[in-house]
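In this chain, numbering begins with 1 at the start of the sequence shown. The model shown is predicted, which means the values in this text are computed figures rather than measured ones.
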Amino acid sequence: MSENTVRPAVRSARGSARLAVAGLGLAGAAYALRAVWDIRLAVAGEPASGPPNQGEGRHRPLNALEDSYHLVSTAGSLLTLVCAALFIGWLGRMRDNARALSGERPRYSGIWVYAAWFVPIVNLWFPRGIVADIHHKSAPDRKLPVVVNVWWALWLVGMVTGVGLMYDGDTDDLIARAYNGVTTLLVADLAVVGAAVAGILMVRALTAVQRVYIDDQLRTPSGDPLKEIVRVFDRD
């Protein structure tokens with residue numbers, strides 16, 4: 001692929017990276033708050049009336065602590081969705097840049113940038129593979145940062161414990177789990193918090209590495225013909 005073909009396709013990912021970092025920070029904070037509420041429920045102990053879900057479609061009235069847990073859980077779910085949208089936006093921008101830099105087709109088709117997180121089985125490795133492919137095509141002479149594997153390992157722990165985006169129960173079930181076995185919930189919550197922190201480091205690291213290679217692509221021996229392009233790129 002010629003320079004004239006590559007340059008118009010390359011766009012700064014710094015803006016989308018900032019949004020992704022903000023989304024990850026909010027999602028991590030939400031799960032940290034939910035961990036606090038899990039502990040509060042465990043310490044308070046299950047009421048004599050039993051769990052909120054009484055079975056056979058019957059639910060008892062919630063107490064104040066349980067009501068507040070519903071609010072915390074709902075806020076966490078909404079922030080997680082916002083985080084997912086911002087992160088995928090960054091991932092798509094990085095993927096486009098990686099294709100422009102390498103002149104090669106991505107290993108995974110575009111639909112997997114979105115679907116890989118939800119399709120059973122493939123969601124256990126496709127998302128990491130997309131990130132690894134972006135890094136390889138952006139910086140083929142550099143090793144994959146360790147933080148990518150840390151991020152993915154922590155995400156998997158949070159996912160397989162059943163309290164992340166893949167959780168298909170309701171909040172009352174989580175309350176019952178907090179009363180009767182809070183350890184699994186805390187492991188999941190802390191894993192997601194850790195994944196958010198590692199995700200922030202990963203976004204910053206991969207964006208910075210890609211930008212170095214984008215600058216190399218934009219630079220000519222004299223530098224003069226592309227000065228304005230570089231200035232526009234740096235202002236993004």
Check: Do Asn97 side-chain atoms and Ile214 backbone N/O form a donor-acceptor pair below 3.5 Å?
Finding: no
Pair up each side-chain donor or acceptor in residues 41-52 with any protein partner under 3.5 Å, not counting sequence neighbours, and list the distances.
residue: Glu46; atom: OE2; partner: Asn180; partner atom: ND2; Å: 3.4
residue: Ser49; atom: OG; partner: Arg60; partner atom: NE; Å: 3.3

Next item on the list: To the nearest 0.5 angstrom, please state how far the CD atom of Gln54 sits from the CG atom of Asp172.
Entry: 10.0 Å
Notebook entry, point to check: Between atom CG of Leu33 and atom CG of Leu71, what is the distance when rounded to the nearest 0.5 Å?
Noted result: 10.5 Å
Next item on the list: Rounded to the nearest 0.5 Å, what's the gap from CH2 on Trp112 to CG on Asp133? Could you check?
Entry: 15.0 Å
Next item on the list: Decide whether Leu24 and Ile130 are clustered together by the hydrophobic rule: side chain heavy atoms of Ile, Leu, Val, Met, Phe, Trp, Tyr closer than 4.5 Å, transitively.
Entry: yes
Checklist line | From Leu206 atom CG to Leu201 atom CG, the distance as rounded to the nearest 0.5 Å | finding: 11.5 Å
Item checked: ILVMFWY cluster, Leu79 and Met159 together (side-chain gap under 4.5 Å) -> no
Checklist line | Members sharing Leu19's hydrophobic cluster (side chains within less than 4.5 Å) | finding: Val82, Leu86
Item checked: Contacts of type side-chain hydrogen bond (donor to acceptor under 3.5 Å, both in side chains), residue Ser68, not counting sequence neighbours -> Trp37
Check: To the nearest 0.5 Å, what is the distance between CE (Met94) and CZ (Arg211)?
Finding: 12.5 Å
Notebook entry, point to check: Checking side-chain contact (heavy atoms from CB on, under 4.5 Å) against Arg34, which of Val193, Val192, Ile39, Leu174 comes through?
Noted result: Leu174
Notebook entry, point to check: Just how far is it from atom CZ of Arg40 to atom CG of Leu65, taken to the nearest 0.5 Å?
Noted result: 5.0 Å
Notebook entry, point to check: Is any side-chain heavy atom of Arg177 less than 4.5 Å from a side-chain heavy atom of Val182?
Noted result: no
Next item on the list: Would you kindly confirm whether Leu91 and Leu124 end up in one hydrophobic cluster when ILVMFWY residues are joined by side chain heavy atoms under 4.5 Å apart?
Entry: yes
Note to self: Test of understanding: with side-chain contact (heavy atoms from CB on, under 4.5 Å), list the residues that count as partners of Ser16, not counting sequence neighbours.
What the structure shows: Ala13, Trp90, Arg93
Note to self: If I compare all heavy atoms of Ala191 with all of Gly158, which pair ends up nearest, and what's the gap?
What the structure shows: CB-N, 3.8 Å
Check: For Tyr108, which residues count as a side-chain hydrogen bond (donor to acceptor under 3.5 Å, both in side chains) partner, sequence neighbours excluded?
Finding: none
Next item on the list: May I have all residue pairs that pass salt bridge (charged side-chain N to carboxylate O under 4.0 Å, His left out) and include part of residues 68-89, sequence neighbours excluded?
Entry: none
Item checked: Common cluster, Leu154/Ile200, ILVMFWY with side-chain heavy-atom separation under 4.5 Å -> no
Item checked: Residue from Thr171, Asp173, Ile175 passing side-chain contact (heavy atoms from CB on, under 4.5 Å) with Asn53 -> Asp173
Next item on the list: Decide whether Leu78 and Phe118 are clustered together by the hydrophobic rule: side chain heavy atoms of Ile, Leu, Val, Met, Phe, Trp, Tyr closer than 4.5 Å, transitively.
Entry: no
Name each donor-acceptor pair under 3.5 Å that joins a side chain in residues 139-148 to protein atoms two or more places apart or in another chain, with its distance.
residue: Asp141; atom: OD1; partner: Tyr213; partner atom: OH; Å: 2.3
residue: Asp141; atom: OD2; partner: Tyr213; partner atom: OH; Å: 3.1

Item checked: Heavy-atom donor-acceptor pair, Trp117 side chain to Phe126 backbone, under 3.5 Å -> no
Notebook entry, point to check: Are there more than 12 heavy atoms of other residues, nucleotides or ligands under 6.0 Å from atom CZ of Arg105?
Noted result: no
Next item on the list: Return the set of residues passing side-chain contact (heavy atoms from CB on, under 4.5 Å) with Ala98 (not counting sequence neighbours), or none when no residue passes.
Entry: Ile134, Lys137, Ser138, Gln210
Checklist line | Partners meeting side-chain hydrogen bond (donor to acceptor under 3.5 Å, both in side chains) with Arg128 (sequence neighbours left out) | finding: Asn149
Notebook entry, point to check: Trp125 and Trp152: which non-hydrogen atoms are nearest, and at how many Å?
Noted result: N-CZ2, 4.0 Å
Next item on the list: Mind jotting down which residue pairs meet the ring pair (Phe, Tyr, Trp, His ring centres under 6.0 Å) criterion with at least one end in residues 47-78? Sequence neighbours excluded, please.
Entry: none
Next item on the list: Go through the structure and list residues passing side-chain contact (heavy atoms from CB on, under 4.5 Å) with Ala35, not counting sequence neighbours.
Entry: Leu186, Asp189
Notebook entry, point to check: Does the pair Val21 and Arg204 meet the rule for a side-chain contact (heavy atoms from CB on, under 4.5 Å), with working shown?
Noted result: CA-CA 8 Å; Val21 165; Arg204 292 171 61 89; 4.1 Å; yes
